[in-house]
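The next block holds one structure in the form of structure tokens; read it before the comments.
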Amino acid sequence: MTRARPPLALVAPAAAAAVIAVIPIWYLIDRSLERGVDEVIDELWQRRTLDLVLRSVGLTATVTLLCVVIGVAAAWLVVRSGLPGRRALRVAFTLPLAVPSYLSAFAWISWRPGLAGFTGATLVLTLVSYPYVMLPVVSALSRLDPAHDDVARSLGQSRLQVALRLTLPQIRTSIAAGALLVALYVLSDFGAVAAMRYEVFTWVIYGAYRAGFNPSRAAILATVLVMLALALVLAESAVRGRAEARVGSGSPRAGNQVPLGRATPLAYLFVAAVLGPALVFPMWRIGVWVSTYVSTDISVHDVGGALGQTLMLAALAAVATVLLAFPTGVLAARSRSRLARTLERTTYVGHALPGIVVAISLVYVGVRLLRPIYLEVPLLVLGYVVLFLPLAVGAVRNSVEQSPPRMEEVARSLGDGPMRVLRRVTAPLALPGIGAGAALVLLATMKELPVTLVLRPTGTETLATRLWRYTSVSDYANAGPYALALVLFAAVPTALLSSFSGSDRTHSVRARQSVEAT
Amino acid sequence: MSDQRTTPAVLAVHDVRKAFGQQQVLRGVDLHVPAGAIVAVLGPSGCGKTTLLRLIAGFEQLDHGSITVAGRLAANCGAAGPTMSLPPERRRVGVVPQEGALFPHLDVAGNVGFGLRRGHGPDGRVAEVLALVGLAGFEKKRPSQLSGGQQQRVALARALAPKPSLVLLDEPFSSLDAAMRGQVREEVFEVLRAANATAILVTHDQQEALSVADQVAVLLAGRIAQVGEPTELYASPSSLEVATFVGEAVVLRGTAKGARVECALGSLPQRANGPVSGPVDVVVRPEQFAIVDTDADNHELLTGTVVARSYFGHDGIVRVSLPSGTVITCRTPAGTLPARGDKVSARVMSPVVAFAATE
């Protein structure tokens, strides 16, 4: 569009979104400094704090590395290998996203309690988060120009050389983006580490918050956690630099498939080694739980009620988040002004905020400023909005960017003012992206645990909270039906997600998961 | 040029300047487009022609100068009068962008009727304009079901539907393949003339500009270098830059001596009003050369060896290397096209254009 000032009708709601996004930061600063700077230094200058940092960083690094290996291999298999059934495999490899990390964790320790600790946390977090690397790499690989490979081969390069010298550099930024998502996810995951009893930041923060005697300790630790997350975001944007565009025009041919030949059984072995523990195992455990569960009318009613609550909250969160994200997304895509950039970046703060931090900051705000909606549905939805705004802003921005600004210019020249253009051209064109954003928020909200646990209205039970309640006391028989319902309903938006990743990458890249924060 | 002064201009661009950051793109552009005229703005890529178009449409804000559309001030900055800029929707300027930019979520009727306000009989107008562009009955088609040429015609119909004062076409044929381009171009300009529309065509394709426009404005390095009818532009370029940009030419250093110039091709007659003395650049068009019989005994003949040739069917081009090292480009009828390596003689058949050398 033009360099003119962006319209106020967009800036005002975008500014509101930015303000909402920074609520937790305001809380953190305010609360951390409540007892003075000395207290902060005291709290940080302790052996246990250092241990906490080391454990969190160690877990994050290990899981991220494993996810990169598995995610890139899986992406290559479903895009470039000649493996039969690749399309179905792509969906299957994505489905572990529908398994909440705490559910997977309980599936494992209910079977082998000895897994608790670093090993179990690493196993579970790797299995649920490798798709965050796979999805962006799948779309990057699909976008590569196969003519490059042909040219390189004709210049005497072997397949391996092509992969290392040509393919890898071109998908590097997608790998980095995916690795960032995994790292943020691991840092902010609450359910899996709690189930595995591995003391990292989120669990300790939750404990400090629950214990209640020292809220500023929770805030100080949360600040350290947010700093770690911010460092990751900055590191990733340094790696990313500028994304390369495809040079030259013409529609690309379908990618060359590399026949696997005698390596085919090996490929299937890889598939089994990933999908077995990531998908089949938790489903088998859920099956076991359900089969030992003795049905009574009241419990069926309870499952239905929790499912209803879950869907209602997820729908509210999706609508609220997308509505609030739309102005910011449009501004980010269409305006080059500094104001627009700042507003967009501010909403991405949620990107680096673990759910548990958002939850306790909204408790603080709720008690002080929003008493009437404290522990009511609106405040809970506000929590989801803060967490998931980046998902929806990214999706809207991406879909608006895909339609050329010429469209809007032509509409202006045909006599429409900026707001009419927004309604008649921009919004309809962005509809697929808005839908994708809504699906992401829907999925994320269904699986979300810490914000729901802390902010839900008294007496409200969702599938996630019920599941949490039963599994944390090892009552797996009662958890079974809830687990089944959650996984089945989460699988729908997940399958949609895997089909988006083929055509464009940003939906998945921006699909920040910290948020699906268990 | 003279009729521009007398006919009221639909578009008057006065001393327009525009920079993006440090990059000065337009350095004072003046342009007058009389009613009903089709003016081509011709320039190499990066000369600022698309920027000029976007300023006229109101998609960009000018740094200096003024733009008047149909007698109404559309934008003004730094000149007499208030600094202002009408938004694009109030300029009544239709735009046909490069790839058509049809709205993919609307059918053909929805696209063409987009700029029509309800109550102005949009249905009748949509059918009317669609008939004008030869797409009657296409109302319910989706943009994705149309060929590139059809999309371009729908984009034109959409721009014409609200009866704009001026239509801007931004390289509208460059995305079409060569085979279709000529045909679609002819159709589009037939429609524009039938609608008696005033139009500006921005293009880097000199053939396109020369073949369809009433007037061609050559935009070089952010300034209008020359405006004129196509024939005038080609035959009497106002500068060496225009001469070499519009059409092919051999340029040689020489010295003016009254009505003649001395150069590597000998002493040649020059056009009227050229420099009478001093160093000059001599411009010779390929069709000013004629390949003649080597046997003819004439000291004015240039004899050399054919180093390259291109055959176009109706005629051909040969490059001849002269003993002096100068290479000349000659257009010859297809029947007499010499082969590579042939010894040929050529002579200059008409007065050449010379410009006082700048250095």
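Just so it is clear: chains get the letters A, B, ... in the order the sequence lines come, proteins before strands, and each one is counted from 1.
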Exercise for review: Mark yes when over 12 heavy atoms from residues, nucleotides or ligands other than B/Q207 sit less than 6.0 Å from its CD; otherwise mark no.
Suggested key: no
Check your understanding: How about B/R193: does its CZ atom have over 12 heavy atoms from other parts shown lying under 6.0 Å from it?
Key -> yes
Practice item. Take atom CZ of B/R90 as the centre, draw a 6.0 Å sphere, and report whether it contains more than 12 heavy atoms from other residues, nucleotides or ligands. Key: no
Practice item. Pick whichever of B/A101, B/S85, B/G100 has the most heavy-atom pairs under 4.5 Å with chain A. Key: B/A101
Revision key, fill the gap. Residues at least two apart in sequence or cross-chain that pass side chain to side chain donor-acceptor pair (under 3.5 Å) with B/E208, listed by chain then number, are B/R185, B/T203
Exercise for review: Please flag which part of B/L106 lies under 4.5 Å from any non-hydrogen atom of chain A: side chain, backbone, both or neither.
Suggested key: neither
Check your understanding: Which of residues 155-165 of chain B have a heavy atom under 4.5 Å from any heavy atom of chain A?
Key -> B/R158, B/A159, B/P162
Study note, to complete from the structure: Residues passing the ring pair (Phe, Tyr, Trp, His ring centres under 6.0 Å) test with B/F114, sequence neighbours excluded, are B/F103
Point to revise | Proximity breakdown for B/V93 and chain A, heavy-atom pairs closer than 4.5 Å | key: backbone
Review point. Side chains of A/R406 and B/Q98: does their closest heavy-atom pair fall under 4.5 Å?
Key: no
Exercise for review: Kindly determine whether B/H105 and A/L429 satisfy side chain to side chain contact (heavy atoms under 4.5 Å, CB included), including the steps that lead there.
Suggested key: CA-CA 7 Å; B/H105 62 298; A/L429 288 178; 3.5 Å; yes
Got a list of side-chain donor-acceptor pairs under 3.5 Å for residues 41-53 of chain B, not counting sequence neighbours?
| residue | atom | partner | partner atom | Å |
| --- | --- | --- | --- | --- |
| B/K49 | NZ | B/G43 | O | 3.2 |
| B/K49 | NZ | B/P44 | O | 3.3 |
| B/T50 | OG1 | B/D170 | OD1 | 3.4 |

Check your understanding: Between B/P97 and A/M407, is any pair of side-chain heavy atoms under 4.5 Å apart?
Key -> no
Check your understanding: Could you give the distance from OG (A/S413) to CG (B/L166), rounded to the nearest 0.5 Å?
Key -> 11.0 Å
Practice item. Identify whether the distance between the nearest side-chain nitrogen and carboxylate oxygen of A/R420 and B/E89 falls below 4.0 Å. Key: no
